[in-house]
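Below is one structure, written out as structure tokens; the observations come after it.
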There are 2 protein chains.
Amino acid sequence: MYTIKEVAKLMNVSEHTLRFWAKSGLFPGVKRDANNIRQFSDHDLGWVKIVKCLRSVGTDNKSIKRYIDLCLVGDSTIPERFGIIKATRIKALQQMEELKKQLELLDYKESYYEELIRNNKNDKYNPVNDIKEAVS
Amino acid sequence: MYTIKEVAKLMNVSEHTLRFWAKSGLFPGVKRDANNIRQFSDHDLGWVKIVKCLRSVGTDNKSIKRYIDLCLVGDSTIPERFGIIKATRIKALQQMEELKKQLELLDYKESYYEELIRNNKNDKYNPVNDIKEAVS
DNA sequence: TTAATTCTTGAGAGTTGCTATCAGTCAAGT
DNA sequence: ACTTGACTGATAGCAACTCTCAAGAATTAA
């Protein structure tokens, strides 16, 4: 069993955010002790993990709640859950591509500045001449 | 020259967001025509591109504004700009790693559901048994 | 030539997802 | 008894959009 603080540290999510997610119904059935303090089980950490995963790909909390609720219903919702996961995976792959592209720009700019510094040049008169192709 | 609508389409950013960014001072010196309508040049697209890049890595608008302003100052700010780009690149790499990790979970869940459907099993009694290792 | 349609504009309201503040409860240590 | 620390819910504040709207110009249709 873990306190909210331990979960926060373990999962690298702030306590505030965990409480916010809990209030939003994203962690079903987290037990409380005699003093009303949340006790996360390993099972509950599973919920935290999937919520964190869906959030990191940009899924909004309402849609996450829907996925959680589908899980609770049982096997009749497997096809829909499967669809959600598949769609989310596609989204993650797209984000990966996008991130790669932006990384290329950053690489380019970094080496541009490197050269600028090495040659003691300046770019005063064209503050964005480190951007070659303008269209993303 | 491009209208805001064209830029939105070209850069895959909403017109609303472009206006919001413009109002925040993220696009310095975008010209207007006789009817006060913004005319983005290719040079301006460069600004849009770098703003989009920094945003996509999670840089907040205030920090982006700072970077833009540093660009406008000229060569004396090259070291600081270099630092910003380097730090941003590191951040992008970390996000890449994080995304990869989440993608693994999604892959796992997808194949789990696939098997579930193939075998016509159900997971009614343990809605999150598709999560093996709970700790992220 | 008038009317309807299509842009664009700025202002401002509304939304999401946190994030921070605060007062209050409880338990353990000194 | 008293302080310290962890946890609680309620509430306020914030960033970054996102949406709605009225106004104004230009293009097109009748």
Side-chain angles (χ1 to χ4, degrees), chain A residues 1-41 44-45 47-68 88 91 95 98 102, chain B residues 1-27 29-41 44-45 47-68 88 91 95 98 102 136:
Chain A
M1 291 300 193
Y2 312 89
T3 66
I4 204 164
K5 188 174 201 171
E6 289 164 340
V7 177
K9 191 161 192 180
L10 225 47
M11 307 294 290
N12 203 29
V13 179
S14 82
E15 294 181 44
H16 283 307
T17 301
L18 287 172
R19 288 209 188 83
F20 176 75
W21 286 352
K23 200 167 61 182
S24 308
L26 269 30
F27 307 145
V30 171
K31 295 281 179 294
R32 307 286 189 120
D33 71 5
N35 296 311
N36 197 34
I37 287 172
R38 271 176 275 255
Q39 293 194 301
F40 288 80
S41 65
D44 294 327
L45 286 190
W47 289 117
V48 179
K49 190 176 182 182
I50 184 63
V51 168
K52 200 190 161 190
C53 175
L54 293 175
R55 268 313 285 131
S56 78
V57 183
T59 310
D60 63 74
N61 289 355
K62 199 174 161 187
S63 306
I64 296 177
K65 170 86 168 114
R66 165 135 190 87
Y67 177 78
I68 303 286
T88 306
K91 238 171 78 178
Q95 282 181 24
E98 175 66 17
Q102 303 299 357
Chain B
M1 292 301 192
Y2 312 89
T3 66
I4 204 164
K5 188 176 202 169
E6 289 165 340
V7 176
K9 190 162 194 180
L10 225 48
M11 306 295 289
N12 201 32
V13 179
S14 82
E15 294 180 44
H16 284 308
T17 300
L18 286 172
R19 287 210 189 84
F20 176 74
W21 286 352
K23 201 168 59 183
S24 308
L26 270 28
F27 307 145
V30 171
K31 295 281 180 294
R32 308 284 190 122
D33 71 5
N35 297 311
N36 197 34
I37 288 173
R38 270 177 276 256
Q39 294 193 301
F40 287 81
S41 65
D44 293 328
L45 287 191
W47 290 117
V48 179
K49 190 175 181 182
I50 185 63
V51 169
K52 200 190 160 190
C53 176
L54 293 175
R55 268 313 283 130
S56 77
V57 183
T59 310
D60 62 76
N61 290 354
K62 200 173 159 188
S63 307
I64 295 176
K65 170 86 168 114
R66 166 135 189 87
Y67 177 78
I68 302 287
T88 307
K91 238 170 79 177
Q95 282 180 23
E98 175 66 18
Q102 304 299 357
S136 158

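Note on naming: letters A, B, ... go to the chains in the order of the sequence lines (proteins, then strands), and numbering restarts at 1 for each one.
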Identify which nucleotide among [options] has an atom closest to any side-chain atom of [X], counting heavy atoms from C-beta outward.
X: B/Phe20; options: D/dA25, D/dG9, D/dA16; result: D/dA16
X: A/Arg32; options: D/dG9, D/dC7, D/dT18; result: D/dG9
X: B/Arg55; options: D/dA6, D/dC17, D/dT8; result: D/dC17

For the helix from C/dT1-D/dA30 to C/dT30-D/dA1, figure out the bend between the end axes, five pairs an end, and round to 10 degrees. 10°
Boundaries of the chain A footprint along DNA chain C (any atom under 4.0 Å from a heavy atom): C/dG17 to C/dA27
Show the nearest heavy-atom pair for residues B/Ile68 and B/Leu26, with the distance to one decimal. CD1-O, 3.6 Å
Please classify the nucleic acid contact of [X] as base, sugar-phosphate, or nothing, using heavy-atom distances under 4.0 Å.
X: B/Lys5; value: sugar-phosphate
X: B/Thr3; value: sugar-phosphate
X: A/Ser24; value: nothing

Return the value, rounded to whole Å, for the distance between atom [atom1] of [X] and atom [atom2] of [N].
X: A/Phe40; N: D/dC7; atom1: CZ; atom2: P; answer: 11 Å
X: B/Leu26; N: D/dA16; atom1: CG; atom2: C1'; answer: 11 Å
X: A/Lys9; N: D/dC7; atom1: NZ; atom2: P; answer: 12 Å
X: A/Arg19; N: D/dA6; atom1: CZ; atom2: P; answer: 12 Å

Closer to the 5' end of DNA chain C via nearest nucleotide, is it B/Asn35 or A/Asp60? B/Asn35
For D/dG9, does either OP1 or OP2 sit under 4.0 Å from a side-chain N or O belonging to A/Arg38? yes
Under 4.0 angstrom between B/Trp21 side-chain N/O and D/dC17 OP1 or OP2: yes
